[in-house]
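Treat the numbers as computed from the prediction; the structure is a model and nothing was measured. Residue numbers start from 1 in every chain, and the chains themselves are labelled A, B, ... in the order their sequence lines are given, proteins ahead of strands.
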Amino acid sequence: MKNDVIVVGGGHAGCEAALACARMGVETLLATIRRGDIARMPCNPAIGGLAKGQLVREIDALGGEMGLCIDHAGIQFRMLNRSKGPAVWSPRAQADKVAYHERMMSAIEAEENIELLETEIIGLVMTGGVVTAVMTADRGELQAKKVILALGTFPNGLMHIGEKQIPGGREGEPPSRGLSDWLSGAGLERERLKTGTPPRLVKVSIDFSRCEVQPGDEEPSPFSFRTGRLVVEQVPCHITWTGEKTHAIINANIYRAPLFSGQIRGAGPRYCPSIEDKVVRFSEKPRHQIFLEPEGRDSEEIYVNGLSTSLPAEVQLEMVRSVPGLEGAEIARYGYAIEYDFFPPHQIHSTLESRKIAGLYFAGQVNGTSGYEEAAAQGLVAGINAALALHGRGTFVPGRSEAYIGVLIDDLVTKEIREPYRMFTSRAEYRLSLRQDNADERLLRYAVRFGLLPRGQWERMTEARKSVQRARRRLEAESVTAGDAGTMRAARLLQRPGVSLDDVESLLAEGPLALGKRERESLEIEQKYRGYIRRQGRSAEKLKRMERRRIPEDFPYGEIKALSSEAREKLEKYRPETLGKAARLAGVRIADVSILMVFLEKAGAWRDGDDG
Amino acid sequence: MQGDTIVALSTPPGSSGIAVIRISGPDASGILESMTPGAMAWKQRTLYNRVLRDGDGEMLDDVVAAVFHGPNSYTGEDAVEISCHGSMQVVSAIIEESIRAGARLAEPGEFTRRAYLSGKMDLAQAEAVADLIASETRLQTRVALEHLEGGLSKKVNAIEERLRSKLALVEASIDFPEEDIETYTVADLAAVSDETRREISELLESEVAGGKLRRGIRITITGPRNAGKSSLYNALLGEERAIVSPIPGTTRDVLRERIHIGGFTYHLEDTAGLAETVCEIESEGMRKGREAACAADLVLFVVDAGEGWTGGALEELEAHAGRNRIVVVNKTDLVPGGGETADCSPAGEVRTVDVSAVTGEGLGRLREKIFEFTANGEVSSVSRERIALNIRQGMALRRAEEALERLGRELGMNSPAEILSLEIREALDACGEVTGRSAAEDILGEIFSNFCIGK
């Protein structure tokens, strides 16, 4: 059997990777240990959230599947941060985990170019530094021109519940051992990270009347630009709090927590600490918030968000029952911490291809990230790049000023990963431009160019853009008189705080603007941020210029004595692809960048890269 | 290909005489024209006598200027050369005005780098250009460090710290809207913004405009106890400023006076003699003296012709290895035939001058050496770098001030968090230019260590 691409792993990264390849006309084999685990959500039952919601919108604009799946499987939709400006609005939805899996499964099954195979991959086959096949546990070698690794937390996964240590990639599933060791044997650096998940409770054992109710938005907003109106009966979440009693139980048993006993060595995420970590580090806090989230519309299980723990089973039960509303709660599944191998991403290119092994791509937690959305984004980028490479059609690397996906990938290849990497809006220096409302304007053209979305999609968007621009020109041309504010251009008036497009429109002499709901919103947002975005424009331009300055992979940093030794060391380790990436490495100063420019000129190395 | 326009002082600055400011890049002539409103068109490679004015029409200086069109200039780009009066105030004012008109301060070695990149130089010179950038950067770092020992960095650090903690609150409210954490209030941010802006204005008044920042070239006299350092100090000043006595260890504090040699201004410093001592006051004096010598542009190491390199003098001299120094062999009047020091001079010590501070013999030669050193040595780059630093810091602080002004306005209009963050980041970024740190970078770290996040 001969495939173009083999994707290893059927999680969020693997699914997007396989779909992107298949849709770009590539024969794709998706290898997973169990079919039933395609696009499972082993942690929280939600998609989106701050910065993650933006990622999903970008994935969608690039023709990915995640947005459509969550629109189908969502049981509660909220637009977070409504009280702040639209640049930081982020959609989030509670998901029905089974429905999400089923929706993704049917997308994969509908794709003619994808063959789904249940098998474990235990190694690779390399010929002259290029990957040529994968080694399965049960059916020998499978040939491939490109291989995408989306292994999640499976590589040498080790779960902890109190003193108990269980090898496994996820609850009830064995770890993947061979592949990680094979990669390590092939000379790739690997390190350990840790993450964790809270217990699941039996729904009927919870007294919700003692909790605060958190409903969805009255008018739910879909994730996908391809979804029309969402019609969904929404399910609420509930909020309760830990208290002194809970904290006393934790403190009394802290010596049994693997996190504090030295049993866990991998670094965990600071933004998602376990409850024992929160109680120890913030002992002055009298209570911690807990969100009770359904695992599905008809699921019998409730996810206890905020109570991630690896304490022993009996302590978990005692702790849970000390929380108001959970006095009679039964635990359906215990929380656990999991340690796993990852391959520090200074070893990959921005295309997510390994620097050491050609044709091998890494996506998701194997790169040290965390989160379904971050994984899906990388899967998509790896899939696109693998397919582009097969067709000899260049590369796809979105920039930092273009997409959160660009920020994500740039961070991966320039920063040291010390904890599972999660996206935040504060990581994006051009946050005001990278909004959930304009992801299609930023990225749709790539999806159309790559054949991931039909041309018609692009035409509809440009039509809408044109009508927004026409309306803006009207606002710039027409003067309005607004009470005590005096007479001014309508566009100026709209920039004032507290003035809405509705207010301005009612003052227009030539009658209302002919615009749909989305276009109205888009015009208003653009006008509100216009001045600020223009101010950032110059630095964004400079950033782009630096990104176009490419550095050859084999550039001899060691020979340049004028570089500071710290800079030389970092440059040799990361081998940045562009001058911009070089400048973002910690320890590389402006002077080092100047010196690099001089030597790149000497080497005649200036090559203008394509913009992505 | 460079895109932007740079400006810098390119000659060694003195208190009198002429200084040359260079501007290079696409806007070079536009910037010159903006400072010479109403002047006739500039013919290239022609010298014009013009009055430069700032944006308000105030006169900056009466100068001679010329315009060069690329590629016929040093950098190969469009360029302007302005010869102005050499005073620090004039030079700073012209450079600042150029920056307001759209230039930016050149980075170390940037003029040379541009010349190289636009093909004005030989490929084989890359190494030399790189070395120049590296050495000018070291110089910049040294000058900045020396500068930061003063109160300025402490004050800016405190401002940074305060802004950082507020930015963390604002960012946390954006990225963690559902967490049960403290959030910012408009009133608190407004108070902090006002207070910080006031502090920055005060800093600008006192530190930069008031010229408290050291300007000119620093020369520190050091050496073993009783070598006649204070006598030399008085002799160079031409007056009895320091108390002189035959008792070793008379000088205990650092004395500082201005002298002029050949049109340059120098700050001459006399320090306590170096010796083994148990006296606390004396060792404190020595500590201060060593500090002064470390920060100096030029060290005059004085030894007694009669004593020579005995008693640890050589070790003390070696402590100044790599620094600009002149060995002054003093008291030649007491040792017939010049004494024994000449033979015992440490190997490789090229700058040795025999003097007698008492008779005045050799002082002329010492002045010459100092002048020579200034005119073609590293000292000129040091003072040039100091001017650049003053301008950089002044402009950075003003940028921070402006960002805080805008922050105040945004707060007044009840603007959303992401806009407030933009202005606080800008202010922090500007402060970072003063302290040399990128303060806004690890704001997530600040959030995680201060707030319990973890839904």
Contacts of type salt bridge (charged side-chain N to carboxylate O under 4.0 Å, His left out), residue A:Arg435, not counting sequence neighbours: A:Asp437
Residue part contacting chain A, namely of B:Leu132, when any heavy atom lies under 4.5 Å: neither
Atom group of A:Glu284 that falls short of 4.5 Å from chain B, counting heavy atoms: neither
Least distance between heavy atoms, A:Ala562 atom then B:Asp131 atom: CB-OD1, 3.6 Å
A:Phe424 versus chain B, the contacting section by heavy-atom distance below 4.5 Å: both
Chain B contact via A:Lys285 - which portion, at a heavy-atom distance below 4.5 Å: side chain
Considering all heavy atoms, the nearest A:Gln289-B:Asp180 contact: OE1-N, 3.3 Å
Chain B contact via A:Gln536 - side chain, backbone, both or neither, heavy atoms under 4.5 Å: side chain
Shortest non-hydrogen separation from B:Gly445 to A:Arg270 and the atoms involved: CA-NH1, 3.6 Å
Side-chain donor or acceptor of B:Asp175 paired with backbone N/O of A:Leu50 under 3.5 Å: no
Smallest separation among heavy atoms of A:Lys84 and B:Pro177, with atom names: NZ-CB, 4.2 Å
A:Ser426 and B:Leu444: CA distance, side-chain angles, deciding distance, side-chain contact (heavy atoms from CB on, under 4.5 Å) verdict: CA-CA 8 Å; A:Ser426 61; B:Leu444 281 167; 3.6 Å; yes
Partner chain B: residue of A:Ile560, A:Ile590, A:Asn81 with the largest heavy-atom pair count (under 4.5 Å): A:Asn81
Nearest heavy atoms of A:Phe599 and B:Ala130, plus distance in Å: CE1-CB, 3.2 Å
Counterpart residues, side chain to side chain contact (heavy atoms under 4.5 Å, CB included), relative to B:Ser421 (two or more places apart): A:Arg431, B:Leu167, B:Val170, B:Glu171, B:Arg425
From CZ (A:Arg281) to CZ (B:Phe448), nearest 0.5 Å: 10.0 Å
Neighbourhood of chain A inside residues 182-189 of chain B, taking heavy atoms under 4.5 Å as contact: none
A:Arg496, part contacting chain B, at a heavy-atom distance under 4.5 Å: neither
Spacing of B:Phe176 atom CZ and A:Leu80 atom CG [to the nearest 0.5 Å]: 12.5 Å
More than 12 heavy atoms from other groups under 6.0 Å of CZ on A:Arg492: no
Any donor-acceptor pair under 3.5 Å from B:Glu107 side chain to A:Ser594 backbone: no
Residues that B:Ala430 engages under side chain to side chain contact (heavy atoms under 4.5 Å, CB included), provided they are two or more places apart: B:Arg399, B:Ala400
A:Arg78, part contacting chain B, at a heavy-atom distance under 4.5 Å: side chain
Lys/Arg-Asp/Glu bridge criterion (N-O < 4.0 Å) met for A:Lys542, B:Asp4: no
For A:Tyr532, the option from B:Glu418, B:Glu423, B:Glu410 that meets side-chain hydrogen bond (donor to acceptor under 3.5 Å, both in side chains): B:Glu410
Shortest non-hydrogen separation from A:Gly85 to B:Pro416 and the atoms involved: N-CB, 3.4 Å
Interatomic distance, A:Arg287 atom CZ to B:Cys452 atom SG [nearest 0.5 angstrom]: 12.5 Å
